[in-house]
Amino acid sequence: LAHCAWVADIDLMLGGCRECWTYRLLHTMYQLGVLNRTTWDHRVNSDVDRQCIMHLELVPESIQDALLGKMASRWAARHADPRTAPSGGLEMCTHAAWVLQFQAGSTVVPKHLKLCVSFVVLQCLAKLRLGWHQLQIRSDRIKNVATRKPRAERLCRLCSTAGSAFHTGGGCVEDVRHFLLECPAYQHLRAKFPCVFGNVQPNSETQSAHSRLLSIFDCDQQDQLAHVVYTMTVFRNNCLSLPHGSHVVVDSAQQIVEEDVELVRLQ
């Protein structure tokens with residue numbers, strides 16, 4: 001049955017169909033440089049028939065090498081700094097500069113893939129790594145065009161809002177770097193996880209900030225990283241749920257957060 005379906009699909013392509021599986025597969029292989037067009041496209045070579053297609057040979061190693069080459073070229077063309085990068089490819093730039101650098105051909109399994117922690121904690125870390133978080137840099141982007149804010153106006157609601165307990169008097173875009181390294185609202189939490197943050201202090205040097213973030217995401221204590229990211233997220237949500245201008249007692253707020261985290265661990 002599978003053979004009959006395959007043969008019928010080949011005939012569809014030879015009949016001019018460009019939506020069938022065979023055409024899409026062979027065209028993809030052609031774009032990767034694995035196949036010569038004259039070996040499969042009857043529009044270029046009128047001698048191509050069903051038997052020609054069925055006797056094509058695709059070498060897995062060649063396909064893998066071609067895909068890695070394509071990926072490497074795309075990642076190499078990214079912008080260096082997420083804070084000045086254009087909108088197109090911003091997520092790729094953020095991931096490569098701050099989360100995990102792309103290394104073509106690497107067989108090393110990222111440390112976070114070996115984690116065994118509560119699902120909700122692991123999910124929180126995964127969202128931050130993939131850029132699917134609720135920080136203002138993203139939440140103000142996915143709104144409809146009419147209400148979407150420019151990137152420079154997607155400010156941290158904890159330290160850049162007048163009346164906030166953590167207001168520093170300035171305006172900081174809430175991105176991954178600000179969340180993990182810079183926002184003063186989480187300094188007490190960073191101090192509790194020295195195995196993740198070490199002696200990390202806010203710093204304006206772009207390159208050193210890049211390397212520190214990469215070190216944090218690649219730290220050996222991935223379980224501690226997952227828990228501090230979850231703790232910071234819960235603390236953020238707890239603070240943002242308070243009425244505007246409320247005085248945040250860090251110790252009290254932290255106690256609520258720790259109770260939530262402990263409940264998650266028990267589950």
Side-chain angles (χ1 to χ4, degrees), residues 64-65 67-83 85 89-135 137-138 174-183 186-203 205-237 257-258 260-267:
Q64 184 177 20
D65 290 342
L67 286 170
L68 286 173
K70 287 282 187 181
M71 289 180 64
S73 63
R74 286 194 63 193
W75 285 91
R78 62 176 175 77
H79 197 277
D81 188 355
R83 290 191 167 176
L90 177 60
E91 289 82 2
M92 177 184 287
C93 174
T94 300
H95 190 83
W98 292 346
V99 181
L100 180 66
Q101 289 183 328
F102 174 77
Q103 297 178 344
S106 174
T107 58
V108 177
V109 178
K111 298 172 183 176
H112 67 280
L113 295 182
K114 302 176 183 179
L115 266 177
C116 184
V117 295
S118 167
F119 174 76
V120 68
V121 174
L122 185 60
Q123 182 186 52
C124 190
L125 177 61
K127 286 183 175 182
L128 189 68
R129 294 184 67 94
L130 295 173
W132 201 250
H133 45 69
Q134 294 303 313
L135 303 180
I137 190 69
R138 173 182 174 269
E174 189 185 35
D175 54 18
V176 173
R177 174 177 159 185
H178 178 77
F179 177 69
L180 283 179
L181 288 181
E182 300 170 348
C183 186
Y186 312 105
Q187 192 58 32
H188 65 292
L189 293 175
R190 298 186 191 103
K192 290 187 176 182
F193 289 85
C195 58
V196 175
F197 296 99
N199 295 318
V200 169
Q201 296 295 331
N203 194 304
E205 298 178 16
T206 302
Q207 188 57 45
S208 60
H210 289 354
S211 61
R212 285 203 305 274
L213 282 166
L214 289 170
S215 297
I216 288 172
F217 278 112
D218 192 47
C219 71
D220 292 331
Q221 293 78 14
Q222 288 289 307
D223 58 332
Q224 295 297 304
L225 172 61
H227 279 102
V228 71
V229 167
Y230 178 74
T231 302
M232 291 169 70
T233 301
V234 174
F235 183 79
R236 175 182 182 273
N237 294 340
V257 170
E258 289 175 352
D260 179 274
V261 172
E262 183 61 26
L263 179 61
V264 167
R265 285 177 176 170
L266 291 174
Q267 292 174 341

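- A 4.5 Å side-chain heavy-atom check between His188 and Phe235 finds at least one atom pair inside the cut-off.
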Using the rule given for side chain to side chain contact (heavy atoms under 4.5 Å, CB included), can you reason through Asp175 versus Leu135, listing the C-alpha separation, both sets of side-chain angles and the distance that settles it, and then say yes or no? CA-CA 6 Å; Asp175 54 18; Leu135 303 180; 5.8 Å; no
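- Within the model, atoms CG of Asp218 and CD of Gln101 stand 10.0 Å from one another, a figure rounded to the nearest 0.5 Å.
- Taking every heavy atom of both residues into account, Val176 and Trp98 meet most closely at CB-CE3, 4.1 Å.
- Between Cys93 and His79, the closest heavy-atom pair is SG-O, 3.0 Å.
- Leu180 contributes atom CG, which lies 5.0 Å from atom CE of Met232 (distance to the nearest 0.5 angstrom).
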Mind running side chain to side chain contact (heavy atoms under 4.5 Å, CB included) on Ile216 and Leu181 for me, showing each step along the way? CA-CA 10 Å; Ile216 288 172; Leu181 288 181; 3.7 Å; yes
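- To the nearest 0.5 Å, the span separating CZ on Phe193 from SG on Cys219 amounts to 11.0 Å.
- Going from atom CZ of Arg236 over to atom CD of Glu174 covers 4.0 Å, rounded to the nearest 0.5 Å.
- Residues satisfying the side chain to side chain donor-acceptor pair (under 3.5 Å) test with Arg138, not counting sequence neighbours, are none.
- Partners of Tyr186 under the ring pair (Phe, Tyr, Trp, His ring centres under 6.0 Å) rule, at least two apart in sequence or in another chain, are Phe179.
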Between Trp132 and Glu91, does a side chain to side chain contact (heavy atoms under 4.5 Å, CB included) hold up when you go through it step by step? CA-CA 10 Å; Trp132 201 250; Glu91 289 82 2; over 6 Å; no
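- The shortest distance between side-chain heavy atoms of Pro82 and His210 falls below 4.5 Å.
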Worked verdict on Arg190 versus Glu182 for salt bridge (charged side-chain N to carboxylate O under 4.0 Å, His left out): CA-CA 10 Å; Arg190 298 186 191 103; Glu182 300 170 348; over 6 Å; no
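- A donor-acceptor pair is defined here as one N or O able to donate and one able to accept, closer than 3.5 Å; no such pair exists between the side chain of Gln222 and the backbone of Pro110.
- Using a 4.5 Å heavy-atom threshold, the side chains of Arg74 and Met92 count as touching.
- Side-chain contact check for Val120 versus Tyr230: some heavy-atom pair is nearer than 4.5 Å.
- Proximity of a side-chain donor or acceptor of His95 to a complementary backbone N or O of Arg129 within less than 3.5 Å is detected.
- One finds the CG atom of Asp81 at 9.0 Å from the OG1 atom of Thr94 (value rounded to the nearest 0.5 Å).
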Verdict with reasoning, Val99 to Leu128, per side chain to side chain contact (heavy atoms under 4.5 Å, CB included): CA-CA 9 Å; Val99 181; Leu128 189 68; over 6 Å; no
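- The shortest heavy-atom contact between Ala96 and Arg78 is CB-NE, 3.1 Å.
- Summarising the geometry of Cys195 relative to Gln221, their closest heavy-atom pair is O-OE1, 3.4 Å, with the distance given to 0.1 Å.
- When every heavy atom of Ala97 is checked against every heavy atom of Leu214, the shortest pair comes out as O-CG, 3.6 Å.
- Across all their heavy atoms, Val121 and Ala226 have their closest contact at CG1-O, 3.4 Å.
- Taken to the nearest 0.5 Å, the CG atom of Leu68 stands 6.0 Å off from the CZ atom of Phe102.
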